[in-house]
Amino acid sequence: MRALVTGATGFVGGALVRALVAHGDQVRVLARTTSKTAALEALGVAIARGDILDRASIASALDGCDTLFHAAALYDLWGLDEAALTTTETEGTRNAMEAALSAGLAKVV
């Protein structure tokens, strides 16, 4: 499997990446330019720089992939901007799903 993982620098996405790598899958992650990716790179994961709110960057990151694991989300116990949360969760997910549909992916999780 050749998979793209969104949210890979977070807790859930990071655990997912480690499981996929352990399974022998080829993994690429979508990460913002400000994201810390050294631990992912140490696993041999390919890093595609982009943002879940930028559909073109998702489409580019999906090139050559057959599966998308969408785990990107905003998370903060205190002080989370509700508008930013809503935008990321709705528009980000819409962008990921539309990019996957356009790419003709076999599977989206």
Side-chain angles (χ1 to χ4, degrees):
M1 174 171 49
R2 294 176 317 274
L4 175 68
V5 178
T6 67
T9 60
F11 181 76
V12 172
L16 175 58
V17 167
R18 290 187 298 278
L20 291 169
V21 168
H23 186 258
D25 296 311
Q26 294 178 357
V27 180
R28 180 181 304 146
V29 304
L30 181 70
R32 291 176 288 195
T33 57
T34 57
S35 295
K36 296 176 182 173
T37 59
L40 296 168
E41 292 174 54
L43 294 172
V45 171
I47 309 296
R49 296 295 176 178
D51 191 289
I52 198 71
L53 296 178
D54 176 12
R55 188 177 305 148
S57 70
I58 303 167
S60 178
L62 281 170
D63 186 41
C65 293
D66 54 43
T67 304
L68 168 65
F69 290 89
H70 177 54
L74 289 181
Y75 175 77
D76 192 353
L77 293 176
W78 296 276
L80 188 62
D81 179 343
E82 190 172 330
L85 173 68
T86 301
T87 298
T88 299
E89 305 308 330
T90 57
E91 295 305 314
T93 299
R94 180 177 289 119
N95 288 340
M97 297 305 110
E98 289 180 358
L101 182 63
S102 292
L105 261 58
K107 188 180 222 180
V108 175
V109 179

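Computed from a prediction, not measured in an experiment: that's the story for all the values here.
In plain terms, the two heavy atoms of C65 and A3 that are nearest each other are SG-C, 3.9 Å. A pairwise comparison of heavy atoms in A59 and A99 identifies N-CB, 4.1 Å as the closest pair. The two residues E89 and A72 come nearest to each other via the heavy atoms OE1-O, 4.0 Å. In terms of heavy-atom proximity, L30 sits nearest to G50 at CD1-CA, 3.7 Å.
With rounding to the nearest 0.5 Å, the separation of CD1 in I58 from CD1 in I52 is 4.0 Å. Remark: T34 OG1 to R49 CZ distance equals 8.5 Å, nearest 0.5 Å. Within the model, atoms CG of L4 and OG1 of T67 stand 10.0 Å from one another, a figure rounded to the nearest 0.5 Å. In this structure, CG on D54 lies 12.5 Å from CZ on R32, to the nearest 0.5 angstrom. To the nearest 0.5 angstrom, N95 atom CG is 11.0 Å from T6 atom OG1. Between atom CG of residue L105 and atom CZ of residue R2 there is a gap of 9.5 Å, rounded to the nearest 0.5 Å.
Tracing side-chain contacts under 4.5 Å through hydrophobic residues (I, L, V, M, F, W, Y), one reaches L53 starting from M97; they form part of the same cluster.
Judged by distance alone, the side chains of T37 and E41 do bring a donor and an acceptor atom under 3.5 Å apart.
Formation of a donor-acceptor pair under 3.5 Å by the S60 side chain with backbone atoms of A56 is not found in this model. Looking only at distances, no side-chain donor or acceptor of T9 sits under 3.5 Å from a matching main-chain atom of K36. Within the 3.5 Å criterion, the main-chain N or O of A61 finds a donor-acceptor partner in the side chain of R28.
Its side chain within the 4.5 Å cluster rule, L40 clusters with M1, V5, L16, V17, L20, V21, V27, V29, L43, V45, I47, F69, V109 among the Ile, Leu, Val, Met, Phe, Trp and Tyr residues.
Every pair tested for side-chain hydrogen bond (donor to acceptor under 3.5 Å, both in side chains) that includes a residue from residues 100-109 fails, sequence neighbours excluded, so the list is empty. Screening residues 15-24 for side-chain hydrogen bond (donor to acceptor under 3.5 Å, both in side chains), with sequence neighbours left out, gives H23-D25.
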